[in-house]
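A short worksheet on the structure shown next.
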Protein chains: 2
Amino acid sequence: MATRETRDNVEARMREAELRLTPQRFAVLEYLTRASGHPTADQIAAEINRRFPRASRATVYNALKALRDAGLVREVATEEALTRYESNVEPHHHFVCRSCGKMEDVPTGALPAPARVEIGGGREVEKVEVTLRGLCGACKGKG
Amino acid sequence: MATRETRDNVEARMREAELRLTPQRFAVLEYLTRASGHPTADQIAAEINRRFPRASRATVYNALKALRDAGLVREVATEEALTRYESNVEPHHHFVCRSCGKMEDVPTGALPAPARVEIGGGREVEKVEVTLRGLCGACKGKG
DNA sequence: ATCCCATTTTAGACTTAATCTAAACGCCGA
DNA sequence: TCGGCGTTTAGATTAAGTCTAAAATGGGAT
């Protein structure tokens, strides 16, 4: 259940971001604020549809896009999707250019990421993925 | 062009992994060995189809799966796919359980990942994503 | 309070990555 | 060489996400 405080806070954040306060958009942010996990767009759509049975997929994606652009929510990619392959199986990191999409290898030595990681919580870390994002040399030159 | 050395090396790696040496599978690994980038399954399929016009998508995916299971190729997820959302926009890392798929936040302080990164090559790093993968406490308990 | 209109929502078709299926094929050990 | 079983094939299917055009509406202007 959304508390009064949560509702007011969500509303304030949306006003501050100069986002039009539609009920659907509001519901998306309100749900994400109290959701403990990292819901997928589908899970969010299911929740929104409980209150707005006619809400379409596009509405949810539109809302998420607007909230993301406003810096109110964050997107996190998971591995269950478009995949790239390489035969270099030695440990290394990746740099992905946000302009041209090119992916480049980055030697492990370039970053102080540890081989063994202990984060507690009874979890067993098997591997660490580090992805750097930004502009590659070529795209940076083009302005 | 594949050199004789490359072909022999690819063949040896497949034999060592006890993988049946089909021409299509061979071509996939051979292509990945000389490909400098990080091709997608589609790009790999296009290349394979130049030599095997009747090769189907499933063949490419089967080959990649077999090579991945044998440790000869690595899969790298990119951001262009299934996305999860959260309203926590403060910097932090993620732990993803390979058994139940649950994603959990990991405080930045738990890892020595730097806020600013310099990797050279004229590239401008705008953000660093760190994803830890393994077994969560609950799944570890279930054996 | 009402009007207006740019923004947003809606329904559903469309795109694309990846998986599944069942039948035909072919690698490789005996 | 032969035969079994793993692999390939063609095409249907699933699923995430995008697109479109028409209808609805938030919120500033009057």
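Naming convention: chains lettered A, B, ... in sequence-line order (proteins, then strands); numbering from 1 in each chain. Excluded from the calculations below are hydrogen atoms, water molecules and symmetry mates; all remaining heavy atoms, backbone and side chain alike, are included.
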When all nucleic acid strands are considered with a 4.0 Å heavy-atom cut-off, which category describes [X]: base, sugar-phosphate, or nothing?
| X | value |
| --- | --- |
| T22(A) | sugar-phosphate |
| A63(B) | nothing |
| P53(A) | nothing |

Output the rounded distance in Å from [atom1] ([X]) to [atom2] ([N]).
| X | N | atom1 | atom2 | value |
| --- | --- | --- | --- | --- |
| R68(A) | dG17(D) | CZ | C1' | 12 Å |
| K65(B) | dA17(C) | NZ | C1' | 17 Å |
| F26(A) | dT8(C) | CZ | P | 17 Å |
| N62(B) | dG26(C) | CG | C1' | 15 Å |
| L19(B) | dG26(C) | CG | P | 19 Å |
| D42(A) | dT14(D) | CG | P | 15 Å |
| E18(A) | dT8(C) | CD | C1' | 17 Å |

Next item on the list: Give the minimum heavy-atom separation between N49(A) and A55(A), together with the two atoms involved.
Entry: OD1-O, 3.1 Å

Notebook entry, point to check: Which heavy atom in Q24(A) sits nearest to a heavy atom in T59(A), and how many Å separate them?
Noted result: CB-CG2, 3.8 Å

Margin query: Quick check for you: to the nearest 0.5 Å, what is the distance between L29(B) atom CG and L21(B) atom CG?
Written below: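 That separation rounds to 9.5 Å.
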
Next item on the list: Report the distance from atom CG of N62(B) to atom CZ of R57(B), rounding to the nearest 0.5 Å.
Entry: 12.5 Å

Check: Within the structure, does a side-chain N or O atom of Q24(A) lie under 4.0 Å from either OP1 or OP2 of dT25(D)?
Finding: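 Indeed not, no polar side-chain atom of Q24(A) lies that close.
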
Check: Would you say a side-chain N or O of S56(A) is under 4.0 Å from OP1 or OP2 of dA11(C)?
Finding: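 So the side chain of S56(A) is outside the cut-off, no N or O lying under 4.0 Å from OP1 or OP2 of dA11(C).
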
Item checked: Presence of salt bridge, R133(A) and E126(B), under 4.0 angstrom -> no

Margin query: Strictly below 4.0 Å, N to O, side chains only: are E30(A) and R51(A) in salt-bridge contact?
Written below: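 Salt bridge present between E30(A) and R51(A).
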
From [options], pick the nucleotide closest to the side chain of [X]?
| X | options | answer |
| --- | --- | --- |
| R54(B) | dT9(D), dA11(C), dA10(D) | dA10(D) |
| A41(B) | dT9(C), dA18(C), dT9(D) | dA18(C) |
| Y61(B) | dT9(C), dT19(C), dA11(C) | dT19(C) |

Next item on the list: Scan side-chain atoms only and decide if R13(B) and T33(B) contain a donor-acceptor pair under the 3.5 Å cut-off.
Entry: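 A donor-acceptor contact under 3.5 Å links the two side chains.
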
Margin query: By nearest heavy atom, map R25(B) and L21(A) onto DNA chain D; which one lands nearer the 5' end?
Written below: R25(B)

Next item on the list: Determine, for F95(A) and R123(B), whether the Lys NZ or Arg CZ falls below 6.0 Å from the six-membered ring centre while staying within 45 degrees of the axis.
Entry: yes

Check: Which residue, A66(A) or R57(A), contacts DNA chain C at a nucleotide closer to its 5' end, judged by nearest heavy atom?
Finding: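 Nearest-nucleotide comparison on DNA chain C picks A66(A).
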
Next item on the list: For P23(B) and for F52(A), find the nucleotide of DNA chain C with the closest heavy atom, then tell me which residue's nucleotide is more 5'.
Entry: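 Nearest-nucleotide comparison on DNA chain C picks F52(A).
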
Check: Between the base of dC27(C) and the side chain of R20(B), is there any donor-acceptor pair under 3.5 Å?
Finding: yes

Check: Quantified as the angle between the terminal helix axes (five pairs each), what is the overall bend of the helix from dA1(C)-dT30(D) to dA30(C)-dT1(D) to 10 degrees?
Finding: 40°

